[in-house]
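Here's the structure, in structure tokens; my notes come after.
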Amino acid sequence: MKGFTSLYDSTAVKKLLEADAIIIGNCNCDEFAMGSTNENSCYGKVLNALDETKVPGGSSGGSAVAVQAGLCMLSLGSDTGGSVRQPADFCGIIGFKPGYGRISRYGLIAYASSFDQIGILGKTIEDVALAMEVISGEDGYDSTVSSKDINKFSNYNDKVKKPVIAYFKNALDHHSLDPEIKDQTYSLIAQMKMDGFTIEPLNFEWLEYVVPTYYVLTTAEASSNLSRYDGIRFGPAITSNEVDLTTFYTTTRNDGFGKEVKRRIMLGTFVLSAGYYDAYFTKAQQVRGILSEQTHYIFKKYDALIMPTVTSTAFKLDELSKDPIAMYLADIYTVYANLVGIPGISIPLFKHSDGLPFGLQIMSNKFNELSLLQFSELMLKNYKQYT
Ligand code: GLN
């Protein structure tokens, strides 16, 4: 898409402009929003402004650093499996992914359409809530947007009530979690209990399935969404007209896509292929159904679910880029919210002894963005150690 200028504004951008927002630029991200480090961008890598030997996270890493470095007050990103919350965690800012269907996806480049949601990165809940109020709501161009009441998100300071909270014990005890992130999160839970919060551990037996399910379903959707980049309708085209159509498509797609995007198109095509469809795609859809059911039960009893956002602080540049599986596994805490379509936020509460910030992720039931923002504000006011 290098050099591509859109012919129209996305609904989110249009609404921001109508509210007199001043848009100052486009941000770098991983190619087609696939990645966790910004190392997959054809424009080069974004660096973490707190430590340039570290990645900013991804895929919306440019959006995170723009806010982190004070270039702007707010930015938008896309969150299909954590791409707003994870870079916010690595950069020490707020990253908020509303529930699926809150913000129109019209004008957002599709990666996996049943997961994609526009998210907001900022430094205060007030800014994030205000932006949410402006860009959310029904849109004739995206039939998946809910017609449910648009809450007055910027009234998040009204009637704050203490939520009943759950956490997945097996997520906090997971072997991949950095021990200090684990300890600090457990200390926070202990402190909150002393302060009168009800916080209960749950054993979420589906935890190990979330990453495989996410990668089967999103790559399947991506292989379909990205088929339009054939050099005729979108994307760069090879210039030779001496070739037949199949060679034209193949050469164009081979030259135009980066390594990670090709990997995902191939994986997605494989899981959708006749011999494997039921074993992978259908199975993953079934798991997604079970996850939704489980989530429904959890939020019958609890108002909020807390979890770390990522398994570690910001990765070193090049640390994981040669090991895609390790990179995928690091998404264990963020993909769940997209699989079940609930809102999630990462708030910058903690500081690690390595000097880097890390966040707490909070999720709420569908359409409970307002109480999620209220609770996040309360947490930032009372428990923020990272300055
Ligand atoms: N890291 C995840 C992935 O690579 C998240 C991507 C996203 O949310 N756009 O798929």
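Every number for a ligand or one of its atoms is a count from 1 in the order of the listing.
Using a 4.0 Å heavy-atom cutoff, Y328 is absent from the residues neighbouring ligand 1. Distances shorter than 4.0 angstrom do not occur between any heavy atom of K97 and any atom of ligand 1. For the pair F115 and ligand 1, no heavy-atom separation below 4.0 Å is found.
Taking 4.0 Å as the cut-off between side-chain N and carboxylate O, D173 and K182 count as a salt-bridged pair.
Looking at G58 next to ligand 1, no N or O pair under 3.5 Å apart turns up.
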Side chain to side chain donor-acceptor pair (under 3.5 Å) evaluation trace for D278 with T282: CA-CA 5 Å; D278 284 339; T282 308; 2.9 Å; yes
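A distance of 10.5 Å separates NZ of K381 from CD1 of I125, quoted to the nearest 0.5 Å. Between R102 atom CZ and S136 atom OG the span is 6.5 Å, to the nearest 0.5 Å.
In summary, the atoms of ligand 1 found under 4.0 Å from a heavy atom of D331, numbered by their order in the structure, are 1 (N), 2 (C), 3 (C). Heavy-atom proximity to A33, at under 4.0 Å, picks out these atoms of ligand 1: 6 (C), 7 (C), 9 (N). Atom numbering of ligand 1 starts at 1 in the shown order; those under 4.0 Å from a heavy atom of D79 are 8 (O). Each of the atoms 1 (N), 2 (C), 3 (C), 4 (O) of ligand 1 lies under 4.0 Å from some heavy atom of G35. Distances below 4.0 Å separate heavy atoms of Y214 from the following atoms of ligand 1: 2 (C), 3 (C), 5 (C), 6 (C), 10 (O).
Here R264 has side-chain heavy atoms under 4.0 Å from ligand 1, and that is the only part of it that gets that close.
At the top of the distance list for atom 5 (C) of ligand 1, counting protein heavy atoms only, stands S83 OG, 3.4 Å. Among all protein heavy atoms, the one lying closest to atom 1 (N) of ligand 1 is S36 OG, 2.9 Å.
Figure legend: cation-pi geometry between K366 and Y100 absent, as NZ or CZ is not positioned both under 6.0 Å from the six-membered ring centre and within 45° of its axis. Figure legend: cation-pi geometry between R85 and Y333 absent, as NZ or CZ is not positioned both under 6.0 Å from the six-membered ring centre and within 45° of its axis.
Taking the six-membered ring where the residue is Trp, the centroids of F90 and F315 are separated by under 6.0 Å.
When only modelled atom types and interatomic distance are considered, D30 and Y111 share no side-chain donor-acceptor pair under 3.5 Å.
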